[in-house]
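Every chain is numbered from 1 and lettered A, B, ... according to where its sequence line falls, protein lines coming before strand lines.
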Amino acid sequence: MNAGLVESALEKGYEPHEVEKRWYEFWEKQGLFAAAEKSHGPAYAIVIPPPNVTGVLHMGHALNNTMQDILCRYRRLRGDNVLWMPGTDHAGIATQNVVEKKLAAEGTNRQALGREKFIEAVWQWRKKYGNAIISQLKRLGASCDWGRERFTMDEGLSRAVRKVFVELYEAGLIYRGRYIINWCPRCNTALSDLEVEHEETAGRLYHIRYPLIDGSGHLTVATTRPETMLGDTALAVNPEDERYLYLTAQQVELPLTGRVIPIIRDGYVEMAFGTGALKVTPAHDPNDFEICARHNLEIVRVIGDDGKMTEAAGIYTGLDRYECRQKVVAALEAKGLLEKMVDHNHSIGHCYRCKDVVEPNLSKQWFVKVKPLAEAAIAAVEDGRTRILPETWTKTYYEWMYNIRDWCISRQIWWGHQIPAWTCGACHKIVVAMEAPMVCPVCGSKDLTQETDVLDTWFSSALWPFSTMGWPDQTELLKTFYPTSVLVTGFDILFFWVARMMMMGLYFMKAVPFREVYVHALVRDEYGKKMSKSKGNVIDPLEVIDKYGTDAFRFTLAAFAAMGRDIKLSEARVEGYRHFINKLWNAARFALMHLQAPQEPLKSDNISLPDRWILSRLQRATNQAAEALDNYRFNDAAGVLYKFVWHELCDWYLEAAKPALNGKLGDSARDAARAALWQVFHDTLILLHPFIPFVTEELWHKLPGTTGSIMQADFPQGAHASPGVSENPDAEAVMALLMDIITAIRNIRGEMNIAPSLALKVMIQTDNETIRARIATHGDMIVNLARLSSLSVEPPGAKHKSAATALFEGGTIFISLAGVIDFSQEAKRLEKELDKVVKELETNSKKLANKEFMDKAPDHVKEKVQAGHEALAEKQQKLSHNLERIRALQEN
RNA sequence: GGGCGGGUAGCUCAGUUGGGAGAGCAUCGGCCUUACAAGCCGAGGGUCACAGGUUCAAGCCCUGUUCCGCCUACCA
């Protein structure tokens, strides 16, 4: 031991927290996340799905950003100029809600403050709390180019928003009109169709009698919302409906109001539903609104924006909508007009922000005419300019795009991009412009007032891929990185965001915003339920990180991220992968004991079997991991590396290399082993770095002979392949033989309950000279790893009494157990094994006896079965032979 | 109503041109072997939801049934 070894020896277990903090700061300080505006090599760009400023890191973010980080780090190792564009979203409604709550706690409200002061308060809030999610992303290890961080309310991005609005307006793709929209009475704003969450709810169908005006009876309609009857302006029946063909009256009296309304005929009415008669409430139902337009009906708005009944509701004015329902039902019942109530399930829309029940209501709003934009977005996917992965999402994308309806973009809140439209007080014309006009361009009046509504937050995030890069200016950044390489996102915002970015990108940049869209799954709880605060089943990623470390957490996410499949996460799984990090750590601890001085480079001569083998396995693992990452198969990549590190590097290679490393085979063997160990370890750290950046960086710096950050290393493949690393089928074959023999001996040891401390005497019989030679050459390894006192190789024939037998492909192993062997136990063991072989042989023989199989199966399959058959037959023969022998001994 | 995904070991899940049913955890047995007990060495465990079909051959392809989950929709 030397002093250096002690000094730099690693702690016994890996302690992540200090390491994570230290290296993250190092990376940032060194500017290793920064993209070059112009690149010589390939450019690789990802824009982050901007989290809400109000957000705190949840599992969805964690998965999403871990994947992006893996890709970015991987591409950097491959030499790409990587831009990972970070930022946050101003989240209009959510943020306004948060700040309003804060104001309420302070005993005030936004109305009292006024618009300007309120917005100032929001900015204050953002300054103070808005960076929480950013620092959480950093704890996750996210290697974003933080110097370019953007916010959807930044001046630059706001300019992009205004520009887009003006151009779309001038192109006739933005219009303003009075239509039925989704109104959230709690948030006090309009919502787009997408922002309404439908939920199946148990409700009632109220059958209400509307007296015919001529006293000849009544028409019964079924409704789930009796309170809206106050706003009915017609009843509708299907023109084909024979039940209603010969009505004597063409009008009914609207109960509780005394109004008289017409009976109309419209094909929309389903004869089979309810009574086949429909009440028409144009102000509070989108379908009724359309019927109304077809029949030129009156519109009566009985529910106001506050969710309370308007003056048009007569005596019910001012009542809450649900209170009013009760009163109306009671009144109808009292008049004998409530025929019956039937239980009925139907879906009710809820605000995706506050979960309050959304009210379809008539309102004057701004809309984007999306059909033409959608067509271009469909075409771009159809012709492959953008590829959606997994492909199954393509269909969903088309489905939505084909059935798209106009997008309501105005919101009646204050926090957001105020719509750049002004109304002239003199001529009432609307002026839409980038900057506030001084005078009305139509009449010259100075009496201009700006539209108070702001835009849907998604309107600005739709521009994210190019607005963050400086558009509308034609920047270097755009030239280098637009279209971006891939968008990594959850399917829950496929429509909200991805689809709209496609539309806007194509319209304004004349090019798709991303070449690929990788749609990943959702993280669910261990029972497969969506994590939500109300269910109380959320796992906080930060708590997990605190407990197990970022690397363990990231590796878990990667290992479970099979394409197109949801991740059910529980802490136990993270704990499992923490063991992996620890395993790597300890392997490093061992390796570094032997690698204190800089190594001689690996020479191809004088290289041992275990070295050649692990270098070959390393090459395969490298290729497989790269191939998997290139195809977004994160779980495969993680799995390959896990297996390589644990079950090849640790379980076999390190054990096999110990004698050489410990100097038992001489100085030159030791030096050669060190060189190989160094190379394997060096490359392994690089392969693992995208997944577990912190521990690999820490170990990288402990490894002598490395310079700078591991982030700046080359991915060891192709032109950057490391010396000596190559596939070596011969070495793999020999190792497979030795491993096979060692495992067979261990198996006997285990099954016969022989203490590991007891060194065994082993004889191997084989008639295969190559095998004999191989065992003779590499017998030391068997002796070492199977713990033998002696090993001999011989041609078949000699009898070995008091020996247990094991088979390997090519021969028989005799394990001398004089005085230890339990014959009956050994006989049992052999019987069991023979049983297995016989069964296998049966199915195998059947195949070979099957004429059709022999006629039709391809050659390589037949050969395989044939070879398998021969091996099995030999095995069977040997096993029964051994069994006979044991039985004979048993009888003595 | 339409669409999508899933049902594989006790649990969580892999299984990509149809030819060996696998991993991790859990369980059982043996080990404090000088990198690691967060470990090492072994072992057991499955009618691949069910029923048909195509094929020499089906976890994989086709049809039907059933259960679960999600997305979407203007039957009040």
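- Proximity of A/Lys856 to the phosphate of B/G19: no side-chain N or O atom is located under 4.0 Å from OP1 or OP2.
- Closest approach to the A/Lys836 side chain among B/G19, B/G44, B/C56 is made by B/G44 (side chain taken as heavy atoms from C-beta onward).
- Pair check for B/G24 finds B/C11; Watson-Crick or G-U wobble, both atom distances under 3.5 Å.
- Nucleotides of RNA chain B nearest to A/Ala591 and A/Arg746 differ in position, and the one nearer the 5' end is that of A/Ala591.
- When the P atom is compared between B/A23 and B/G45, the two are found 14 Å apart, to the nearest whole Å.
- A salt bridge is absent between A/Lys832 and A/Asp835: the closest approach of a Lys/Arg side-chain nitrogen to an acidic carboxylate oxygen does not fall below 4.0 angstrom.
- On the P atoms, B/G6 is 12 Å away from B/C62, given to the nearest whole Å.
- Residue-level contact check: A/Thr281 touches neither bases nor backbone, having no heavy atom under 4.0 Å from any strand.
- If you measure from atom CG of A/Leu641 to atom P of B/A23, you get 19 Å, rounded to the nearest angstrom.
- Among the heavy atoms of the strands lying under 4.0 Å from A/Tyr268 is at least one base atom, whether or not backbone atoms are also near.
- Pairing of B/A58, defined by two Watson-Crick or G-U wobble distances under 3.5 Å, is not identified with any nucleotide.
- Regarding contacts with the backbone of B/A43, every side-chain N or O of A/Arg829 stays at 4.0 angstrom or more from both OP1 and OP2.
- Between A/Tyr642 and A/Tyr577, the ring center distance clears the sub-6.0 Å criterion.
- Among the protein residues, A/Asn582 comes within range of the nucleic acid bases, having at least one heavy atom under 4.0 Å from a base atom.
- Among the atoms of the strands shown, none is found under 4.0 Å from any heavy atom of A/Lys279.
- Across the C1' atoms, B/U12 and B/A58 are found 26 Å apart, a figure rounded to whole Å.
- Residue-level contact check: A/Thr224 touches the backbone only, with heavy atoms under 4.0 Å from sugar-phosphate atoms and none from bases.
- The residue A/Lys828 sits apart from the nucleic acid: no heavy atom pair falls under 4.0 Å.
- When the P atom is compared between B/G2 and B/A73, the two are found 16 Å apart, to the nearest whole Å.
- Which of B/C31, B/U72, B/U16 sits closest to the side chain of A/Asp636 comes down to B/U16.
- Around the NZ atom of A/Lys643, the shell of radius 6.0 Å holds no more than 12 heavy atoms that belong to other residues, nucleotides or ligands.
- Summarising the geometry, the separation between CD on A/Glu197 and C1' on B/A73 is reported as 15 Å, rounded to the nearest angstrom.
- A salt bridge is absent between A/Glu831 and A/Lys828; no separation between the charged side-chain nitrogens and carboxylate oxygens falls under 4.0 Å.
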Steps toward side chain to side chain donor-acceptor pair (under 3.5 Å) verdict (A/Tyr352, A/Glu195): CA-CA 5 Å; A/Tyr352 83 134; A/Glu195 288 166 311; 3.1 Å; yes
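- Here the P atom of nucleotide B/G69 and the CZ atom of A/Phe491 are 15 Å apart, to the nearest Å.
- Heavy atoms of A/Asp651 sit under 4.0 angstrom from primed sugar atoms or phosphate atoms, though from no base atom.
- Rounded to whole Å, the separation between the P atoms of B/U65 and B/C56 comes to 28 Å.
- Distance CH2 (A/Trp646) to C1' (B/A23): 13 Å, rounded to an integer number of Å.
- Here A/His579 reaches the OP1 or OP2 of B/G39: one of its side-chain N or O atoms lies under 4.0 Å away.
- With hydrogens and angles ignored, a donor-acceptor pair closer than 3.5 Å exists between the side chain of A/Glu655 and the base of B/A35.
- Between the C1' atoms of B/C4 and B/G22, the separation comes to 27 Å (whole Å).
- Using N1 to N3 plus N6-O4 or O6-N4 for Watson-Crick, or N1-O2 and O6-N3 for G-U wobble, each under 3.5 Å, B/U16 pairs with nothing.
- A donor-acceptor pair shorter than 3.5 Å cannot be found between the side chains of A/Tyr179 and A/Asp406.
- Here B/C56 is the nucleotide among B/C56, B/A43, B/G20 with the atom lying nearest to any side-chain atom of A/Asn850.
- Nucleotides B/C11 and B/G46, compared at atom P, are 13 Å apart to the nearest Å.
- Closest to the A/Arg589 side chain, of the nucleotides B/A38, B/A35, B/G42, is B/A35.
- Relative to the side chain of A/Ala587, the nucleotides B/A35, B/C4, B/C71 differ in distance, and B/A35 lies closest.
- Nearest nucleotide to the side chain of A/Asn753, out of B/G30, B/C74, B/C56: B/G30.
- Among the protein residues, A/Glu270 comes within range of the nucleic acid bases, having at least one heavy atom under 4.0 Å from a base atom.
- With a cut-off of 3.5 Å on both Watson-Crick or G-U wobble distances, the partner of B/G39 is given as B/C31.
- Look at A/Arg829 and A/Glu833 and you find a salt bridge, because one of the NZ, NE, NH1 or NH2 atoms lies within 4.0 Å of a carboxylate O, short of that distance.
- With a cut-off of 3.5 Å on both pairing distances, the Watson-Crick or G-U wobble partner of B/G5 is B/C68.
- Between A/Asn747 and B/A43 there is a side-chain polar atom (N or O) within less than 4.0 angstrom of OP1 or OP2.
- Atoms NZ (A/Lys583) and P (B/A38) sit 12 Å apart, rounded to a whole Å.
- In this structure, A/Val269 reaches the bases: a heavy-atom distance under 4.0 Å links it to at least one base atom across the strands shown.
- In this structure, of B/C56, B/A76, B/U33, it is B/C56 that holds the atom nearest to the side chain of A/Glu852.
- Nucleic acid contact for A/Arg787: base, since at least one base atom lies under 4.0 Å from a heavy atom of the residue.
- The CZ atom of A/Arg674 sits 15 Å away from the C1' atom of B/A35 (whole-angstrom rounding).
- Taking the nucleotide of RNA chain B with the nearest heavy atom to each of A/Ala588 and A/Glu751, the more 5' of the two is matched to A/Ala588.
- As rounded to the nearest Å, B/G29 and B/A21 have C1' atoms that lie 25 Å from one another.
- Between A/Trp393 and A/Tyr397, a ring centre-to-centre spacing not shorter than 6.0 Å is recorded.
- Counting only heavy atoms from C-beta on, A/Leu654 has its side chain closest to B/A35 among B/C4, B/A35, B/C75.
- Between B/U72 and A/Lys395, no contact under 4.0 Å exists linking OP1 or OP2 to a side-chain N or O.
- Whole-Å rounding puts the A/Gln866 CD to B/G20 P distance at 15 Å.
- Of all nucleotides listed (B/G42, B/A73, B/A35), B/A35 comes nearest to the side chain of A/Phe590.
- Among the protein residues, A/His647 comes within range of the sugar-phosphate backbone only, with heavy atoms under 4.0 Å from sugar or phosphate atoms but none that close to a base.
- A donor and an acceptor atom, one from each side chain of A/Thr394 and A/Glu391, are nowhere located under 3.5 Å apart.
- When heavy atoms are screened at a 4.0 angstrom cut-off, A/Lys862 is found touching no nucleic acid atom at all.
- The residues A/Glu575 and A/Lys547 are annotated as not salt-bridged, no charged nitrogen and carboxylate oxygen being separated by less than 4.0 angstrom.
- Considering only the side chain of A/Cys650, B/A35 comes nearest among B/C56, B/A35, B/A38.
- Rounded to an integer number of Å, the gap from CZ of A/Phe560 to C1' of B/C25 is 9 Å.
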